[in-house]
Novice: 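The structure that follows is given in the form of structure tokens.
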Amino acid sequence: MQILEERIKKDGVVKEGGILKVDSFLNHQMDVDFFGELAKEFWRLYGACGVTKILTIEASGIGIACITAQLFHVPVIFAKKNKTKNIAGEVYKTKVESFTHGTVYDVVASKEFLRAEDRVLIIDDFLANGNALLGLLDLVRQAGAQLIGAGIVVEKAFQPGGNLVRGQGVRVEALARIRSMDEKNGLTFAP
Ligand code: 5GP
């Protein structure tokens with residue numbers, strides 16, 4: 001998506017360790033009007049698929065998921081990083097390894113809100129090694145819901161997540177795909 005690539009070139013900062021900082025519009029300060037443009041693209045891609053729920057993971061997926069949901073007119077569920085004690089049976093639970101923090105944590109989604117009859121679109125800000133997305137897919141499978149696909153704002157295509165998840169037969173649409181990235185030379189985009 002042209003406007004996203006231009007925005008990343010203008011405002012993105014490539015950090016050590018293969019991290020792209022886009023805190024000025026996506027991950028910290030959020031440009032909500034710009035999110036509206038991204039949401040329109042997710043709607044173009046998935047609007048005809050009969051989506052009934054949008055699923056994301058806290059925290060940085062929530063903003064773009066909510067703006068997208070305004071076009072789909074469906075609720076957003078965000079998988080919660082499990083800090084509280086939940087009575088077994090109330091929640092679907094899976095483990096996710098954090099790319100940015102290097103830790104493993106549980107994420108949960110209530111059985112009340114993620115249901116077998118749902119047609120689920122996953123929305124997230126980044127796809128890197130794929131752990132967050134694989135965790136969300138696991139929650140959808142546990143629920144017996146139908147997965148429509150995933151909409152990702154930025155895929156770091158030089159990391160294995162995209163191939164891994166597409167290899168499982170999942171439709172993954174990324175609005176910008178970064179082919180290469182380093183602090184010296186900046187970044188290039190893949191088609
Ligand atoms: P994965 O689980 O695919 O390795 O990473 C996905 C999650 O890690 C995203 O939800 C995002 O929060 C974070 N992440 C991964 N790579 C980057 C990056 O380069 N920049 C930022 N800002 N977040 C990232």
Side-chain angles (χ1 to χ4, degrees), residues 1 4-5 7-32 34-35 38-39 42 54-69 76-83 92-109 120-141 147 149-168 170-190:
M1 193 184 178
L4 177 58
E5 292 185 5
R7 188 70 185 260
I8 292 169
K9 272 190 203 148
K10 182 163 92 61
D11 294 334
V13 181
V14 180
K15 293 280 188 188
E16 213 180 315
I19 300 277
L20 174 66
K21 281 281 201 186
V22 278
D23 280 3
S24 66
F25 69 96
L26 181 61
N27 286 137
H28 188 28
Q29 173 169 268
M30 295 186 283
D31 183 339
V32 175
F34 187 67
F35 280 16
L38 305 180
F42 286 137
I54 289 179
L55 176 66
T56 189
I57 185 166
E58 70 174 348
S60 52
I62 296 175
I64 180 63
C66 287
I67 300 296
T68 302
V76 174
I77 309 172
F78 63 94
K80 292 191 174 198
K81 295 176 182 168
N82 196 13
K83 291 173 203 105
Y92 301 111
K93 184 169 173 178
T94 194
K95 288 200 184 304
V96 171
E97 192 181 329
S98 163
F99 176 79
T100 35
H101 300 108
T103 49
V104 177
Y105 55 89
D106 288 328
V107 295
V108 300
V120 180
L121 173 62
I122 294 174
I123 295 284
D124 206 0
D125 59 340
F126 270 88
L127 173 58
N129 288 333
N131 293 314
L133 187 49
L134 289 171
L136 293 173
L137 294 177
D138 188 29
L139 295 176
V140 174
R141 286 187 189 124
L147 179 74
I152 302 293
V153 179
V154 183
E155 175 182 352
K156 295 194 289 179
F158 55 90
Q159 287 184 244
N163 284 344
L164 201 69
V165 177
R166 290 186 183 96
Q168 294 189 6
V170 175
R171 180 179 174 193
V172 179
E173 301 280 359
L175 304 188
R177 303 183 70 238
I178 298 172
R179 190 205 317 261
S180 67
M181 191 171 94
D182 69 64
E183 295 153 82
K184 256 196 193 156
N185 304 306
L187 44 78
T188 61
F189 292 97

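Both backbone and side-chain heavy atoms feed into the values below; hydrogens, waters and symmetry mates do not. Indexing begins at 1, ligand by ligand and atom by atom, following the structure's order.
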Novice: Distance under 4.0 Å to a non-hydrogen atom of Gly18: what atoms of ligand 1 satisfy this?
Specialist: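 By the 4.0 Å cutoff, the relevant atoms are 19 (O).
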Novice: Kindly indicate whether the side chain of Leu133, heavy atoms from C-beta on, has any atom under 4.5 Å from the side chain of Ile122.
Specialist: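 A side-chain contact exists here, since the closest heavy-atom pair is under 4.5 Å.
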Novice: For Met181 and ligand 1, does the shortest N/O to N/O distance drop below 3.5 Å?
Specialist: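 The answer is no, given that Met181 and ligand 1 share no N or O pair closer than 3.5 Å.
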Novice: Do me a favour and list the nearest non-hydrogen protein atom to atom 23 (N) of ligand 1 with residue, atom name and distance?
Specialist: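 Checked against all protein heavy atoms, atom 23 (N) of ligand 1 sits closest to Phe126 CD1, 3.6 Å.
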Novice: Can you pull out the closest protein heavy atom to atom 4 (O) of ligand 1? Residue, atom name and distance to 0.1 Å, please.
Specialist: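 Looking at atom 4 (O) of ligand 1, the protein heavy atom closest to it is Asn129 N, 2.8 Å.
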Novice: If you count the atoms of ligand 1 from 1 in the order shown, which ones are under 4.0 Å from a heavy atom of Lys156?
Specialist: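 Near Lys156, meaning under 4.0 Å from one of its heavy atoms, ligand 1 has 16 (N), 17 (C), 18 (C), 19 (O).
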Novice: Report the nearest protein non-hydrogen atom to atom 10 (O) of ligand 1: residue, atom name, distance rounded to 0.1 Å.
Specialist: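 For this ligand atom, the closest protein heavy atom is Asp125 OD1, 3.1 Å.
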Novice: Which residue and non-hydrogen atom of the protein lie closest to atom 8 (O) of ligand 1, and at what distance in Å?
Specialist: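 Going atom by atom, the protein heavy atom closest to atom 8 (O) of ligand 1 ends up being Phe99 CB, 3.9 Å.
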Novice: Give a yes-or-no answer on whether the side chains of Thr103 and Ser98 include a donor-acceptor pair shorter than 3.5 Å.
Specialist: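 There is no such pair between these side chains.
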Novice: If you measure every N/O of Asp124 against every N/O of ligand 1, is any gap under 3.5 Å?
Specialist: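 It does: an N or O of Asp124 is found under 3.5 Å from an N or O of ligand 1.
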Novice: Would you tell me which option among Gly130, Gly161, Gly61 has the nearest heavy-atom contact to atom 1 (P) of ligand 1?
Specialist: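 Residue with the shortest heavy-atom distance to the ligand atom: Gly130.
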Novice: Are any of the N or O atoms of Leu20 closer than 3.5 Å to those of ligand 1?
Specialist: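 Such a contact does occur with ligand 1.
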Novice: Are any of the N/O atoms on Lys21, whether in the backbone or the side chain, positioned under 3.5 angstrom from an N/O atom of ligand 1?
Specialist: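 It does not: no N or O of Lys21 is found under 3.5 Å from an N or O of ligand 1.
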Novice: Roughly how far apart are Phe189 CZ and Met181 CE, rounded to 0.5 Å?
Specialist: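 Taking CZ in Phe189 and CE in Met181, the distance rounds to 10.0 Å.
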Novice: Can you check whether Ala190's main-chain N or O pairs, donor with acceptor, with Arg179's side chain at less than 3.5 Å?
Specialist: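 A pair under 3.5 Å: no.
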Novice: Numbering the atoms of ligand 1 from 1, which are under 4.0 Å from a heavy atom of Ser60?
Specialist: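 Counting atoms of ligand 1 from 1, those under 4.0 Å from Ser60 are 12 (O).
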Novice: Tell me whether Glu58 contacts the main-chain N or O of Lys81 through its side chain, where contact means a donor paired with an acceptor under 3.5 Å.
Specialist: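 Checked: pair present.
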Novice: Counting both backbone and side chain atoms, is some N or O of Ile57 under 3.5 Å from an N or O of ligand 1?
Specialist: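 In fact, backbone or side chain, Ile57 has no N or O that close.
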Novice: Any atoms of ligand 1 less than 4.0 Å from a non-hydrogen atom of Asn131? List them with their elements.
Specialist: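 Once the distances to Asn131 are compared, the set is 1 (P), 2 (O), 3 (O).
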Novice: Under 4.0 angstrom from ligand 1, any heavy atom of Asn27?
Specialist: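 True for this residue.
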Novice: Is it the case that ligand 1 has an N or O less than 3.5 angstrom from some N or O of Ala132?
Specialist: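 Yes.
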Novice: Atom CG of Leu136 and atom CG of Asn131: how far apart are they, to the nearest 0.5 Å?
Specialist: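 Rounded to the nearest 0.5 Å, the CG-CG separation comes out at 11.0 Å.
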Novice: Judged by atom type as modelled, is there a donor-acceptor pair below 3.5 Å linking the side chain of Lys156 to the main-chain atoms of Gly18?
Specialist: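 Yes, Lys156 side chain to Gly18 backbone: donor-acceptor pair under 3.5 Å.
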Novice: For ligand 1, does Asp23 get within less than 4.0 Å through its side chain, its backbone, both, or neither, judged by non-hydrogen atoms?
Specialist: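 For Asp23, there is no contact with ligand 1 at all, from either part.
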Novice: Got Val108 and Tyr92 here, is their nearest side-chain heavy-atom distance under 4.5 Å?
Specialist: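 Answer no - side chains too far apart.
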Novice: Taking the side chain as C-beta and beyond, is there a heavy-atom pair between Ile123 and Phe42 under 4.5 Å?
Specialist: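 Yes; the side chains approach each other to less than 4.5 Å.
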Novice: Ignoring hydrogens, what is the shortest heavy-atom contact between Leu187 and Lys9? Give both atom names and the distance.
Specialist: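 Shortest heavy-atom contact: CD1-CG, 4.3 Å.
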Novice: Roughly how far, to the nearest 0.5 Å, is the CZ atom of Arg7 from the CZ atom of Phe25?
Specialist: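 With rounding to 0.5 Å, CZ (Phe25) is 5.5 Å from CZ (Arg7).
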